[in-house]
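Take a look at the structure set out below.
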Amino acid sequence: MAAVTPSFADRLLNWFDRHGRKDLPWQQDINPYRVWVSEIMLQQTQVNTVIPYYLAFMKSFPTAQRLARAPIDQVLHHWAGLGYYARARNLHKAAQFVVDELGGEFPDTVEEMEKLPGVGKSTAGAIISIAFKKRAPILDGNVKRVLARHRAIAGWPGEAATLKALWEASEATTPKKRPAAYSQAIMDLGATLCTRSKPDCDHCPVAEDCIAKAEGTQANFPGKKPKKALPVKAVQMLIIEAPGQQILLEQRPAQGIWGGLWSLPEVAIEESAEDAALQRFGVESKSKTMPVLRHTFSHYHLDIHPIHLKLASVPAQIMEGDQRLWYNSPSTPEVGLAAPVQKLLKQLIKK
DNA sequence: AAATCGGGGGA
DNA sequence: TCCCCAGATTT
């Protein structure tokens with residue numbers, strides 16, 4: 001008789017029994033309160049970071065009653081350094097809810113557990129399965145990665161359709177037996193073997209039928225968050241040109257973009273360029289709008305609206321100084337130009 | 001420097 | 001329903 005490959009869940013459980021972590025603080029003296037606190041702490045924070053915080057927290061607040069009665073400041077004090085401080089506020093509120101409204105008994109269904117502030121579907125599933133030993137699928141970041149790879153579920157989990165497919169996969173793979181061990185097993189697999197980069201497929205109990213492994217596309221799952229379109233800012237730049245193709249430049253402040261480089265005078269997009277030229281430089285000239293030049297930074301696009309003002313003579317009132325010079329004048333020093341300014345000047349001066 | 005992480009809250 | 005946010009860690 002041909003050997004039959006055990007189910008996904010059985011292979012995970014078997015692996016967890018032999019290699020999984022079973023000595024973590026919240027895996028001892030298991031009760032709903034201890035599991036709940038651990039799951040909240042683990043939401044955005046890794047195991048090794050959480051351990052000392054968890055131990056100190058449990059020492060100060062060993063029960064939901066003790067937590068509920070503690071001042072919020074004391075709770076926040078225990079959270080300092082963990083980040084996402086709303087978690088601590090929600091934890092405190094939820095403890096008060098459990099103590100004051102539920103007689104100190106934690107809900108024992110996913111639906112009821114989700115009513116606690118700070119507890120969503122995945123955290124509820126983790127608490128129900130681990131503390132109450134009832135079957136409940138979970139979908140934290142580790143589980144998303146394991147399932148997305150194993151079943152080659154494409155797309156970024158932030159998209160509703162991808163998230164739905166992942167929940168369906170979690171629902172489909174979660175067994176009835178040993179709910180607590182299974183939840184910990186699949187999270188542990190994601191945390192220790194099926195890691196974001198360099199997954200250790202050689203030791204993975206479910207590598208045999210992992211689609212991403214077969215195709216060598218582990219790095220493609222889960223799909224990445226699409227880079228959001230960069231915000232677009234716009235600015236006018238004055239090209240004040242005097243005879244001899246001399247162009248007025250200003251030095252930028254040392255801080256900020258193009259710090260210390262030389263650039264064209266800027267005018268806010270909503271202002272009149274001609275008015276600004278008159279007010280700031282005392283020059284009066286009809287302006288000519290040039291095509292918009294888009295310059296892209298790491299964090300935004302800058303649409304530069306060049307405004308060309310041609311002067312009949314070099315105005316006496318514009319003096320060169322520390323932060324002002326006529327580019328192309330006989331004495332132009334070697335200066336660093338902002339990249340788009342260099343481009344603009346090149347266009348202008350060659351013709 | 002960029003990506004990541006689960007849930008809350010506002011558009 | 002979609003989008004943004006919180007904050008520290010990892011890559």
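The pair A:Arg145-A:Asp140 does not count as a salt bridge, with every side-chain nitrogen at least 4.0 angstrom from each carboxylate oxygen. With respect to A:Glu266 and A:Arg252, a salt bridge is recorded, a charged nitrogen being found less than 4.0 Å from a carboxylate O. For the pair A:Lys22 and A:Asp17, the salt-bridge criterion is not met [side-chain N within less than 4.0 Å of a carboxylate O]. A salt bridge does not link A:Glu215 with A:Arg149: every distance from a Lys NZ or Arg NE/NH1/NH2 to an Asp or Glu carboxylate oxygen is 4.0 Å or more.
In this structure, A:Phe221 atom CZ and B:dT4 atom P are separated by 15 Å, rounded to whole Å. Regarding A:Lys198, its NZ atom lies at a distance of 10 Å from the C1' atom of C:dT11, rounded to whole Å. Atom NZ of A:Lys225 and atom C1' of C:dC2 are 12 Å apart (whole Å). Following rounding to the nearest Å, A:Ile40 (CD1) and C:dA6 (C1') show an atom-to-atom distance of 15 Å. Between the NZ atom of A:Lys224 and the C1' atom of B:dA2 there is a distance of 11 Å, given to the nearest Å. The separation between A:Glu159 atom CD and C:dT1 atom P is 16 Å, rounded to whole Å.
The P atoms of B:dA11 and C:dA6 are separated by 15 Å, rounded to the nearest whole Å. Rounded to a whole angstrom, the distance from the P atom of B:dG10 to that of C:dG7 is 16 Å.
With hydrogens and angles left out, the side-chain atoms of A:Thr123 and A:Glu39 include no donor and acceptor closer than 3.5 Å. Side-chain polar atoms of A:Ser60 and A:Gln74 form no donor-acceptor pair below 3.5 angstrom.
Comparing A:Ser197 and A:Leu82, the nucleotide of DNA chain C nearest to each residue sits closer to the 5' end for A:Leu82. Residue A:Ala160 is the one, among A:Ala160 and A:Tyr85, whose nearest nucleotide of DNA chain C lies closer to the 5' end (criterion: closest heavy atom).
When both pairing distances are held under 3.5 Å, B:dG6 makes no Watson-Crick or G-U pair with any nucleotide shown.
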In B/S/- notation (B base, S sugar-phosphate only, - none; protein heavy atoms under 4.0 Å), nucleotides 5-11 of chain B written 5' to 3' is BBSS---

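The residue A:Gly81 sits close only to the backbone: its heavy atoms come under 4.0 Å of sugar-phosphate atoms, none of a base.
When ring centroids are compared, A:Trp258 and A:His295 come within the 6.0 Å threshold.
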